[in-house]
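Positions are given from 1, in the same order as the sequence printed here. Only this structure's heavy atoms are used, side chains among them; waters, hydrogens and symmetry mates stay out.
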Amino acid sequence: MEKCWFIICSAILWLAGFQALCARQPNILFIITDDQSWCHTSISGDPVVRTPGFDRVAREGVRFVNAFAPAPSCAPMRAALLTGRHPWQIKEGALLFGGIPREYPLFTHTLEAAGYQIAMASKGYWPGNMVDEAYHRNPLGKAYHVELPAPRAGEVGNCDYAATFARFLNERDPARPFFFWMGISEPHRPYQPGSGIASGIDPAAIRVPGFLPDHPIVRADLADYYHEIQHQDAHLVAMLDALEATGELDHTLVVVTSDNGMPFPRAKATLYDHGTRVPLAMRWGGRIPPGRTDHRIVNLLDLARTFLEIAGAEVPRGMAGRGLAGVLTTAKPEPVAACDDFTVTAMERHSLCRKGGVGYPMRALRTPEWLLVWNAEPERWPAGDPPPFRPIFYQEYGDVDESPTKSLLVRNGADPQITRQHRMAYGKRPEFELFHIPTDPDQVLNLAGAPAHADTLESLRKRLTGFLKATDDPRAANSGASWDKMPFFLPGRPPLPVTRKSHPFLFE
């Protein structure tokens, strides 16, 4: 009898604690890495990279294996996430070196109005206009920063992420829930050449995607990329430990993802999976059942509505994303609805790397089985104009980050061993591209011209067009050219319209 009373009392106490946990607004720790594709975590099956921090969040929560960035470029993706809108719905927010118009509410401001303490570290909304008349302060709140005691050569930033977060935890207001944006710079370029091999990564064991040549230079470059991932993940481990030491871990929704895919040719700044598909794991002790793998297709702009829902805050009108709060907290995964079996991604101007300052507009429809890419201006060069055009800021093919892999492809395009990958990276593309994901995960075989897939192409094209029209995409109405003329913002300078007078090098 005493044993039964003990069990009953224990159950009552647990239920009371659980109800208190549910009633309390949770903290939110949002960790976003820079330029990391979905497949490069150890829990996803990569045999080389080691990511114990990400893996812990996934094991103790849920991992979304089909998560996509709304845009494959850092500032447009962040603008879409902050507003909960598709890139084409936020005007100049769709551009790298653009800006978020003030007319679109940001979820961070709504959280703050709901009582949250808002703070950030390292990379927030950037590179874009966030401090002119539209925003009189950083839209992500107070910035914290602790420098690395000995920054590594080739480091993008010198932030000690773990120490920075620990400082915030020590200085925060314990009476308020917090939202902390940890914008990790890695694995953005540049890298220290040879750092991956020096850290013990075996380049021979790395899987080289089919759109890159299997070459020692590429393998070494990938090893350096893996090293950057492992560096930032070690900080994630320490951040989780810091939360646990304060007793706040189970009161905190921890979200770990990346802004876009890997910084290699035909990945970042493209709408293929290696450009838009990103890692995503969430942990919330006591609320998210552990050890789940969710296969529904989600878009990172869904996070804006999700954060507001779990905080009990009002969702501003116009947010396009779907809230995931119900998906997260249910013990039995919800069935995949029709709205979960596809997503649409977008790209406008990335850098000033074409004559006239124009971009390379793209839209893509991704389902579990198919990827359809619409290249709205197929006469333009997708990665940027080739030599002899050399715009300021970048070298040839300026939408591709400078790297040993890029140089290998540029300089050896005539090599039969590299010609195919060179063309895939830098060559012009047809208006429509169609890829079958189960048989072509690297998306190197375009089926758009195959008669056997004509019906699939037409069906997906109509679905994409219908979605774009329903969400007021100017490209669907053939009126998207205004993006090519929008101002280009640079740090510490007024916005410059893209004209012959302001950017003469683009018109020579």
Side-chain angles (χ1 to χ4, degrees), residues 7 9-33 41-44 51-65 67 111 114-119 161-162 165-166 168-170 172-182 184 232-257 279-294 296 298 300 302-303 305-313 323-334:
I7 294 173
C9 290
S10 298
I12 292 173
L13 289 173
W14 180 88
L15 181 60
F18 179 75
Q19 289 174 335
L21 180 66
C22 293
R24 172 183 171 181
Q25 286 178 303
N27 306 314
I28 303 172
L29 172 58
F30 179 62
I31 301 168
I32 178 169
T33 66
T41 65
S42 43
I43 200 169
S44 71
T51 54
F54 181 87
D55 298 353
R56 179 185 177 184
V57 174
R59 285 196 313 270
E60 297 177 0
V62 58
R63 180 169 66 100
F64 291 90
V65 297
L111 282 178
Y116 273 73
Q117 181 177 354
I118 308 298
Y161 307 113
F165 184 58
F168 166 76
L169 289 177
N170 185 56
R172 71 185 180 91
D173 180 357
R176 300 170 62 192
F178 67 79
F179 174 87
F180 193 92
W181 174 298
M182 176 57 75
I184 292 178
Q232 52 89 357
D233 190 83
H235 284 267
L236 171 56
V237 171
M239 284 186 273
L240 296 173
D241 290 343
L243 266 179
E244 198 162 27
T246 62
E248 291 291 335
L249 180 59
D250 286 344
H251 300 299
T252 303
L253 172 66
V254 179
V255 179
V256 188
T257 188
L280 176 62
M282 305 187 197
R283 183 198 188 280
W284 186 8
R287 297 302 307 276
I288 297 178
R292 286 172 48 201
T293 300
D294 196 298
R296 78 189 66 237
V298 299
L300 292 190
D302 296 337
L303 295 178
R305 183 182 293 269
T306 301
F307 293 153
L308 297 179
E309 285 180 348
I310 69 162
L324 299 174
V327 174
L328 295 177
T329 57
T330 181
K332 183 178 180 181
E334 294 180 349

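Side-chain contact check for W181 versus I118: every heavy-atom pair is 4.5 Å or farther apart. Residues V254 and L243 meet the side-chain proximity criterion, which asks for heavy atoms closer than 4.5 Å. Between V256 and P279 the shortest side-chain heavy-atom distance does not fall below 4.5 Å.
The two atoms that bring F54 and L236 nearest to each other are N-CD2, 3.3 Å, heavy atoms only. Minimum interatomic distance between M182 and F165 (heavy atoms only, all atoms of both residues): CE-CB, 4.0 Å. The shortest non-hydrogen separation linking I310 to P26 is O-CD, 3.5 Å. Of all heavy-atom pairs between L324 and E309, the closest is N-OE1, 3.9 Å. Looking at every heavy atom in both residues, T51 comes nearest to I43 through OG1-N, 4.4 Å. Closest non-hydrogen pair, R292 versus L328, comes out as NH1-O, 3.0 Å.
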Using the side-chain contact (heavy atoms from CB on, under 4.5 Å) rule, take I288 and L253 through it: C-alpha gap first, then chi angles, then the decisive distance, then the call. CA-CA 9 Å; I288 297 178; L253 172 66; 4.0 Å; yes

Residues L249, D241; criterion side-chain contact (heavy atoms from CB on, under 4.5 Å); working and verdict: CA-CA 8 Å; L249 180 59; D241 290 343; over 6 Å; no

Steps toward side-chain contact (heavy atoms from CB on, under 4.5 Å) verdict (V57, I31): CA-CA 11 Å; V57 174; I31 301 168; over 6 Å; no

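For the atom pair OG1 (T246) and CZ (R172), the distance works out to 6.0 Å, reported to the nearest 0.5 Å. Note that CG of L29 and CG of L240 are 7.5 Å apart. Values are rounded to the nearest 0.5 Å. Rounding to the nearest 0.5 Å gives a distance of 10.5 Å between CH2 of W284 and CG of N27. Interatomic distance, E60 CD to R283 CZ, rounded to the nearest 0.5 Å: 4.5 Å. In this structure, D55 CG and R63 CZ are separated by 8.5 Å, a value rounded to the nearest 0.5 Å.
In this structure a side-chain-to-backbone donor-acceptor pair under 3.5 Å is missing from Q232 to I184. In this structure, the side chain of R59 does not engage the main chain of G291 through any donor-acceptor pair within 3.5 Å. Judged purely by atom type and a 3.5 angstrom limit, R287 has no side-chain atom pairing as donor or acceptor with the backbone of T329.
Using a 30° and 60° split on the angle between ring planes, F168 and F180 fall in the tilted class, from 30° to 60°.
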